[in-house]
Amino acid sequence: MDGGDWARVRDAARRNVGELEAALKALGVGVGGEVEFLSSSDEILRRRAAEYWGPLVMDVAQKFSVQRVLLGRDEKKLTAGQFLSTIMQCADVVFFQADICHMAMDQREMNLLARDYCDASGRDKKPVILSYNMLPDLKKGQKINNDQSSAIFMGDDKSKVNNKIKTAFCPPAIVDGNPCLEYIKCIIFPWFGRFDVLRAEANGGNKTYNQMQDVFVDYCDGALHPADVKNNLSKAINEILQAVRDQKLHFKSNNDAEVLVDTVKSTQLSSTENLPSSMPMMTAEERFKILQGIAEECTEEAELRWLLQEKPNPICYDGFEPSGRMHIAQGVGKAISINKMLKARCRVKIWIADWFAMLNNKMGGDLNKIRTVGSYMIEIWKALGMNVDGVEFLWASEEIEKRGDEYWSLVMDISQKRNFKRIVRCSQIMGRRDTDALTAAQIMYPLMQCADIFFLKVDICQMGMDQRKVNVLAREYCNAIRRNNKPIILSHHILPGIKEGQQKMSKSDPSSAIFMEDDESQVNSKIAQAFCPQKITEGNPCLEYIKYIVFPWFERFELLHKDADGGSKTYNRIEELFEDYASGALHPDDVKPALAKAINQILQPVRDHFSNNPDAKVLLETVKAYKVTN
């Protein structure tokens, strides 16, 4: 920039830093001093030159070939200064002892060079790269250029924002390469958590979008017009920038700030300007802890952290095979997990595996019966309080039929890249041992379940530990096709049956589990007869129910007793309950009535729904009849 004039570059950079610092503080970033603004010229030419150039820049230059530092650029068009800049930027990462490099995607190759330097110099601790999306040019839908009208700038007033958005490229019904939709996705949604559309009733009336996917769908369908998008995008951007205009910079009243902004504007720019980073409503670490709390095992935690930094709304996938009545682990356990995923700002897709149930010969392979069971299960989750508004329920049979070419190409490719024995080992996902006699259709099952993950563009697979093998198969497939972004696996705990020695609940044995429509007397009877060995916590199904159902639901476990029997007690930590049980201070006769009471409280809304809603009542009776006849 500035024709390579070093003095002008340095002065313009200082003014830019001043504007950026003031703007970010107006937006609430760095007001507590957690952000340090450093001028590279001050640091590397004055204060710490001896530390920077000899030990670092020269060392980087010695460890890489010319071709490696070129980063694929045409050497005939590159100046010596631009070549040196790459070496210096690599050195900067180490010089500032950076743990995380948070830059745009166009800086990714340079950041990878810094990681390679760590390998070459024997450094164990490599910088983590968080590469954010680059907003396109407002006019052409391409990368922002040096045209001042190509982007919104922090000092733009309301009329300029309105004019720029009004003239922005926004083709009707076209999502890809649409800069207005990119601004909504990358700026408005992360900032506000929603996108509000205000319009006349004749044009569809007001609407609030809580998911970007819904914006895309409506825009593709024509239900959302470019005029709707532009007017409300301008409004949202102006709301964000108003804090910069008024709260801190005081452009009209603060002379120093006004001069600062005007001076920066007058400087001719020849490099890309990045819009300010948005402020998430929840930190990536907070979201990580929520998702981690779902899983008994996470593969891999580092990848999950990376994903949450990189993607505001990752796609979580869970699925179920409609195969009869729903037990409490599938009903309450799944509702708990799904609500946590939504809280962590994930998009949740629930795959209703009706074709898979048919392949696995559930309901005698009758697809109509299988679909009825699937509808019954969804009805239970609604009654239970699952946040179904944030969930996309997808029927496998319908989705595969819509995009058959895409789906079956995936299945065939996976089958070509894995050997037969590897697929047989996945038969556990169907509730079968790999020594069982399997049909050809059942060999297809793991291939299809693996394909589902890529077909649905899944970031996170959230399923039980019994599904782990096929999820690992999906990661192995990524290795085979050299795909870097592997699906992350969150495998939740499998609740045991309530009888002694039952590792898993069984739908074929009604006494082995609590079912979602069990009445109060059935729950009381089953828990009263449940295996609950005194002073034994390992393999104790009653304690497992408390740990994985009652505590996540109520966040406590309550014992109600007369004073003569020790009085009432509330456990707020599962560890404390385990300690009392192991010591004998808590008896099975204390645990069972309190557990039954808690479960009945959870199930009561489901009972009420299936008793009071005529359609739901018929649905339940139909499914019960299937259970009897199959």
Side-chain angles (χ1 to χ4, degrees), residues 133 135-136 138 141 165 168-237 278 281 310-319 338-339 341-352 354 374-375 378 381-382 386-407 410 452-460:
N133 182 47
L135 284 173
L138 281 172
I165 297 298
F169 179 65
C170 191
I174 303 297
V175 170
D176 290 336
N178 188 320
C180 290
L181 297 187
E182 284 289 308
Y183 269 53
I184 294 171
K185 178 182 177 181
C186 299
I187 300 294
I188 307 306
F189 258 91
W191 191 271
F192 294 108
R194 66 184 190 281
F195 179 57
D196 294 326
V197 173
L198 304 179
R199 58 190 173 187
E201 287 296 327
N203 296 328
N206 298 341
K207 184 170 182 178
T208 294
Y209 290 92
N210 295 307
Q211 295 187 81
M212 190 63 207
Q213 185 62 29
D214 293 339
V215 176
F216 286 153
V217 170
D218 277 7
Y219 195 82
C220 285
D221 293 342
L224 189 61
H225 191 269
D228 301 327
V229 168
K230 290 185 175 185
N231 292 337
N232 292 282
L233 173 58
S234 296
K235 182 177 181 296
I237 290 175
S278 57
M281 297 172 66
E310 186 75 13
K311 195 169 184 179
N313 304 107
I315 296 173
C316 285
Y317 147 77
D318 198 346
I338 296 299
N339 286 342
M341 286 188 273
L342 293 171
K343 184 178 179 181
R345 294 172 56 206
C346 296
R347 290 173 52 203
V348 178
K349 294 183 178 182
I350 294 185
W351 190 240
I352 310 171
D354 50 354
S375 299
I378 295 172
W381 285 318
K382 289 179 180 178
M386 179 190 286
N387 183 11
V388 293
D389 290 338
V391 175
E392 189 176 5
F393 289 97
L394 300 169
W395 293 87
S397 57
E398 293 179 356
E399 297 301 316
I400 293 171
E401 284 180 354
K402 287 178 192 172
R403 296 155 56 200
D405 290 349
E406 178 185 349
Y407 186 82
L410 266 171
D452 293 343
I453 294 168
F454 304 97
F455 183 66
L456 297 172
K457 296 178 173 55
V458 170
D459 299 304
I460 300 171

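The shown structure was predicted, so the numbers you read here are calculated from the model rather than taken from an experiment.
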Rounded distance [0.5 Å steps], CE in Met386 versus CD1 in Ile350: 4.5 Å

Any pair counted as salt bridge (Lys or Arg N to Asp or Glu O under 4.0 Å), so long as it reaches residues 203-224, sequence neighbours left out: Lys207-Asp218

Main-chain N/O of Ala168 paired with Lys230 side-chain donor or acceptor, under 3.5 Å: yes

Any side-chain heavy-atom pair of Pro226 and Tyr219 under 4.5 Å: yes

Which atom of Leu138 lies closest to which atom of Pro179, heavy atoms considered: O-CG, 3.6 Å

Donor-acceptor under 3.5 Å (Asp318 side chain, Val348 main chain): no

Minimum heavy-atom distance between Ala223 and Asp228, given as atom pair plus value: O-OD2, 4.4 Å

Interatomic spacing from SG in Cys170 to OH in Tyr183 - rounded to 0.5 Å: 12.5 Å

CD1-CD1 distance between Ile237 and Ile184, expressed to the nearest 0.5 angstrom: 8.5 Å

Distance, nearest 0.5 Å, that separates CD1 of Ile187 from CG of Leu135: 5.0 Å

Side-chain donor/acceptor of Asn210 to backbone N/O of Arg194, under 3.5 Å: no

Test side chain to side chain contact (heavy atoms under 4.5 Å, CB included) applied to Leu181 and Val229, step by step: CA-CA 8 Å; Leu181 297 187; Val229 168; 4.3 Å; yes

For Lys185 against Met212, the heavy-atom pair lying closest together: CA-SD, 3.7 Å

Parallel, tilted or perpendicular: rings of Trp351 and Phe455 (30°, 60°): perpendicular

Heavy-atom pair with the smallest gap, counting every atom of Ile453 and Tyr317: CG1-CE2, 3.8 Å

Side-chain touch Ser375/Trp395, heavy atoms, less than 4.5 angstrom: yes

For Asn313, all residues meeting side chain to side chain contact (heavy atoms under 4.5 Å, CB included), sequence neighbours excluded: Arg345, Arg347

4.5 Å side-chain heavy-atom contact, Ile338 and Trp381: no

Minimum heavy-atom distance Met341-Cys316, with the two atoms named: SD-CB, 3.3 Å

Leu233 versus Ile165, closest heavy-atom pair with distance: CD2-CD1, 3.9 Å

Check against side chain to side chain contact (heavy atoms under 4.5 Å, CB included), Lys349 and Ile315: CA-CA 7 Å; Lys349 294 183 178 182; Ile315 296 173; 3.9 Å; yes

Check: Leu198 main-chain N/O paired with Asn232 side-chain donor or acceptor under 3.5 Å: yes

Derivation of the side chain to side chain contact (heavy atoms under 4.5 Å, CB included) call for Leu224 and Arg199: CA-CA 10 Å; Leu224 189 61; Arg199 58 190 173 187; 3.7 Å; yes

Lys311 NZ: over 12 foreign heavy atoms closer than 6.0 Å: yes

Audit row: Val391, Leu342, side chain to side chain contact (heavy atoms under 4.5 Å, CB included) steps and yes/no: CA-CA 8 Å; Val391 175; Leu342 293 171; 4.1 Å; yes

